[in-house]
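Handing you a structure now.
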Amino acid sequence: MAKIEFTGNLGGEPAIDFKRSGNACLTFNVADTKGKKDGQGNWDKSQEQTQWFRCTLWGPDAEYYIERLRKGARVTVHGDFMSREYVDRDGVNWTSLDVTVRGLSVVNKKGSQQQPAQQAQHQDQGWGNPQSDQAASWGNEPAANHGGWG
């Protein structure tokens, strides 16, 4: 599976779901927008390109971040990436860009990553691999690191 790292903004409120085993699953969409400035240094909207990613975060980190992420939040995401094709109920073909989150940081307005107080709380807890819970996801274990990739 391919690895990916990007920074973008949440396009909506995250949603959490608890599976039969009690394992939490947080899903959220992140927009990564690239563009160029014009000759006067102003942002040129006609050169703007936005890529949307569907992100999934599992386990204790899902519960941690449901309280901290809001629509518009700027985040840096590191994870396993997979694209998949599907056809909607109207017969339109789409491509979904799915990321199983392995690392997640909230970026403050100055561009640096926040270091939440509970950074070490969820590290190295050895979450299980409840395959039945993750059948709809592309990953096996949650591993967000609240501020770093370590």
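Values below: every heavy atom of this structure, side chains too, minus hydrogens, waters and symmetry copies.
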| With a 4.5 Å limit on heavy-atom distance, are the side chains of Val99 and Ile4 in contact? | yes
| query | Would you call Glu48 and Lys34 a side-chain contact if the rule is heavy atoms closer than 4.5 Å? | reply | no
| When clusters are formed by joining ILVMFWY residues with side-chain heavy atoms under 4.5 Å apart, either directly or through shared neighbours, do Trp52 and Val77 land in the same one? | no
| request: With side chain to side chain contact (heavy atoms under 4.5 Å, CB included) as the test, would you mind laying out the steps for Leu97 and Gln51 before giving the verdict? | output: CA-CA 9 Å; Leu97 305 176; Gln51 192 69 59; 2.7 Å; yes
| note | Rounded to the nearest 0.5 Å, the OG1 atom of Thr27 sits from the CD1 atom of Ile66 at a distance of 8.5 Å
| Just how far is it from atom CD of Glu85 to atom CG of Asn93, taken to the nearest 0.5 Å? | 7.5 Å
| Spatial distance of atom CG (Asp38) from atom CD (Gln47) [nearest 0.5 Å] | 9.5 Å
| Leu104 and His78, any side-chain heavy atoms less than 4.5 Å apart | no
| Verdict with reasoning, Thr95 to Ser83, per side chain to side chain donor-acceptor pair (under 3.5 Å) | CA-CA 7 Å; Thr95 300; Ser83 65; over 6 Å; no
| Okay, side chain of Asp90, backbone of Val92: is any donor-acceptor separation there less than 3.5 Å? | no
| request: Answer yes or no: is there a side-chain heavy-atom contact under 4.5 Å between Phe28 and Tyr65? | output: no
| task | Return yes when atom CH2 of Trp43 has more than 12 non-hydrogen atoms of other residues, nucleotides or ligands closer than 6.0 Å, and no otherwise. | result | yes
| request: Could you tell me the separation between the CG atom of Asp80 and the OG1 atom of Thr56, rounded to the nearest 0.5 Å? | output: 11.0 Å
| So, do Thr33 and Gln49 sit near enough that their side-chain heavy atoms are less than 4.5 Å apart? | no
| Under 4.5 Å between any side-chain heavy atoms of Glu5 and Phe81, yes or no? | no
| Which of parallel (below 30°), tilted (30 to 60°) and perpendicular (above 60°) describes Phe53 and Phe6? | parallel
| request: Take Thr76 and Thr7 through the test side chain to side chain donor-acceptor pair (under 3.5 Å) and record every step on the way to the result. | output: CA-CA 4 Å; Thr76 298; Thr7 300; 2.9 Å; yes
| field | Minimal non-hydrogen separation, Ala62 against Ile16, with atom names | value | O-CD1, 3.8 Å
| remark: Rounded to the nearest 0.5 Å, the CG atom of Asn29 sits from the NZ atom of Lys71 at a distance of 11.5 Å
| Under the criterion side chain to side chain contact (heavy atoms under 4.5 Å, CB included), which of Leu69, Val101, Asn9 is the partner of Val75? | Leu69
| message | Quiz question: by atom type and distance under 3.5 Å, do the side chains of Trp58 and Asn23 form a donor-acceptor pair? | response | no
| Which value, rounded to the nearest 0.5 Å, describes the distance between Arg84 atom CZ and Arg54 atom CZ? | 6.0 Å
